[in-house]
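In the text below, chain A, chain B and the rest are named by the order of the sequence lines, each starting its count at 1.
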Amino acid sequence: MSAGCAETRVDSRKQPVIAIRDLGFSYGESPVLEDVDLEILDGEFVGLVGPNAGGKSTLLRLVLGLLEPQRGSIQVLGQAPRQAVRRVGYVPQFPTFPRDFPISVEQVVLTGRLGFGPMLGWYRASDRAAARHALAEVEALDLANRRIGTLSGGQLQRVLLARALVAEPLILILDEPTANIDQRMEGDIFDLLARLNARLTILVVSHDIAFISGYVGRVACLNRTLVCHTTKRVDGNLIHQLYGDNVRQVAHAGSGHGHAHHLGHQGH
Amino acid sequence: MDTPTTLVTRGTDPMQEFFQALGQYTFLQTALLAGLFASLGCGVIGTFVVVKRIAFMAGGIAHSVLGGMGAALYFGVDPLLGALAAAVLSALLIGLVRLAWNAQEDTLIGALWAIGMAIGILFIAKTTGYTTDLMSFLFGNILLVPRRELWFMAGLDLVLLVTVMLFYRQLLAVTFDEEFARLRGVPVAFFYLLLLCLVAVTVVLLIQVVGLILVIALLTLPAAIAGHYVHSLGGMMLIATLLGGFFTSAGLALSYGPDLPAGATMILLAGSVYVVSAVLSRVLARRRVRRRALVAREAGG
């Protein structure tokens, strides 16, 4: 943690559900993560922000056990990530499947039930009930019989959220859940996440620092190392510290939050 | 137009001739059954091949099989057993390389494709009476399928069906979204290799009917045509199996009268239907979009 960062006030009574210590990772010779220390406590709603190529997605992949740390350690729910991953719900930034795959929304959500019940055979009635319940929770039950390729970006995001929730996770991890949808839906999704936070610990990656700071309890800023994690609202100083000079703040129509726009990359 | 009488001038209708012969000759009945057994594999596993986009991989497995067939022939073992061993071996090899390195698989498939064929050709060249065998391995000869091999084919079908039924959820998950399947604790590597082994078994089933060069067509075309119209994996499997049965039976019937190679006739039939279906499904989709836009405009206005 660098100087000038606000002190993180953590509730010592709560248990960390994700504990990252002294983590280092590199692809080939270029380091992506260095000396990352981060604890996320039970019931927290944490936003992970930082510039593109700052290591956010790599950190998520390490927490999910899809990558192995080269230095340091990660514990999720007191276990190695790979052991804990069944109790973690994950919503990827981009769908990792072909959109023209012949599969219905309900079938997609049902794949989230893998790992429950016997290994052989078909889904059980309880799996189907759980899938419909998860779809109802994200207000997408009417999409159950639609083909996955016919959904809009916002609908798809809800379905992927339902696929994560149907596994009854204790932690929910989302990688830029609103990157591909319009602003109005962005608010809807985060309102939904805020409701889910009543029973789940949530870690959400976003490039939109100011927007998520209105929802999350704490922001962790990652640019190769953890620049800062703070309970304070994000201000100009922090944005400057994280991104450097190439940032201007613009007013965000409708939401009342200021948005930080990093001029060095596109796609916002 | 004198078409109604042209066929009759030859004395018999080719279709009538086929059905008469079917009642008479057991080799033709065996051929028909062999085609139907093969279509079950091409429907069920072909669907996985199409949606997982591993047709090139299936092509590599099919061609490398010649190595196993040639070696088996040379050592006096049943060529089908050699084919099965070679198919499973190359499926595992391709699968393991893809899982370990990810980027190198197309090069490896190309290499295995050629190496397998080269091994086969060397063995066959050193075995007496090779020419007819080589031709029937490459292009199939459904009329020469011995009756006892129907049992072998039925056994392979049973293995395919039981495996897919038991592990349908996992195979679907691995085919649909490998990363998510891994996060749900599914042993992705195991099921990926299992899927490739099922492809290998299907290749051996189909080699009987159309030969190893044409296998890839029967493995992909029926499922691809089904995919134009149905949008569930189970539906695709059912329609592709029925289409496979139709292509093999109709190909056999069409080829019998004029004495054409049955395998090639089946593939041309499947290929023609595929082309027509691809154009038709596109036209239908475009019309649907236009109609929807019209309805939306009327509702808006």
Between [X] and chain B, which part of the residue has a heavy atom less than 4.5 Å away: side chain, backbone, both or neither?
X: Arg86(A); value: both
X: Arg163(A); value: both
X: Leu114(A); value: both

Out of [options], which one racks up the most heavy-atom pairs below 4.5 Å with chain A?
options: Leu166(B), Thr47(B), Val50(B), Leu183(B); result: Leu183(B)
options: Ser232(B), Ala181(B), Ala173(B); result: Ser232(B)
options: Glu178(B), Gln170(B), Met236(B), Arg182(B); result: Gln170(B)

Taking all non-hydrogen atoms of both residues, which atom of Arg184(B) and which atom of Gly112(A) are closest, and how far apart?
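Of all heavy-atom pairs spanning Arg184(B) and Gly112(A), the closest is NE-O, 3.1 Å.
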Considering all heavy atoms, the nearest Trp122(A)-Met165(B) contact:
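Nearest heavy atoms, Trp122(A) then Met165(B): NE1-O, 4.0 Å.
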Measure up the Phe101(A) and Phe176(B) rings against each other and bin them: parallel (under 30°), tilted (30 to 60°), perpendicular (over 60°).
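Because their plane-to-plane angle is over 60°, the rings of Phe101(A) and Phe176(B) count as perpendicular.
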Run Ile103(A) and Val51(B) through side chain to side chain contact (heavy atoms under 4.5 Å, CB included) and show every step you take.
CA-CA 10 Å; Ile103(A) 190 168; Val51(B) 297; over 6 Å; no
Could you walk me through whether Leu120(A) and Arg169(B) satisfy the side chain to side chain contact (heavy atoms under 4.5 Å, CB included) test, starting with their C-alpha distance in whole Å, then the side-chain angles of each, then the deciding distance to 0.1 Å, before giving a yes or no?
CA-CA 8 Å; Leu120(A) 302 177; Arg169(B) 289 181 305 160; over 6 Å; no
Residue pairs involving residues 98-127 of chain A (criterion salt bridge (charged side-chain N to carboxylate O under 4.0 Å, His left out); sequence neighbours excluded):
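Qualifying pairs: Asp100(A)-Arg53(B), Glu106(A)-Arg132(A), Arg113(A)-Asp127(A), Arg113(A)-Glu168(A), Arg124(A)-Asp127(A).
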Name the region of Thr175(B), side chain, backbone, both or neither, that has any atom closer than 4.5 Å to a heavy atom of chain A.
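Answer is both: backbone and side chain atoms of Thr175(B) are under 4.5 Å from chain A.
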Side chain, backbone, both or neither: which part of Val186(B) has an atom under 4.5 Å from a heavy atom of chain A?
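The answer is the side chain of Val186(B).
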In terms of heavy-atom pairs under 4.5 Å, which option from Gly115(A), Gly121(A), Pro95(A) contacts chain B the most?
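Of the options given, most contacts go to Gly121(A).
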Would you say CZ of Arg71(A) has more than 12 non-hydrogen atoms from neighbouring residues, nucleotides or ligands within 6.0 angstrom?
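Counting neighbours around CZ of Arg71(A), more than 12 heavy atoms of other residues, nucleotides or ligands fall under 6.0 Å, so yes.
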For the OH atom on Tyr274(B), are there more than 12 heavy atoms of other groups (residues, nucleotides or ligands in this structure) within a distance under 6.0 Å?
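Counting neighbours around OH of Tyr274(B), 12 or fewer heavy atoms of other residues, nucleotides or ligands fall under 6.0 Å, so no.
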Go through it in stages, so that I can follow the logic: the residues are Glu179(B) and Tyr90(A), the test is side chain to side chain contact (heavy atoms under 4.5 Å, CB included), and I'd like the CA-CA distance, side-chain angles, deciding distance and then a yes or no.
CA-CA 11 Å; Glu179(B) 183 179 282; Tyr90(A) 173 57; 3.5 Å; yes
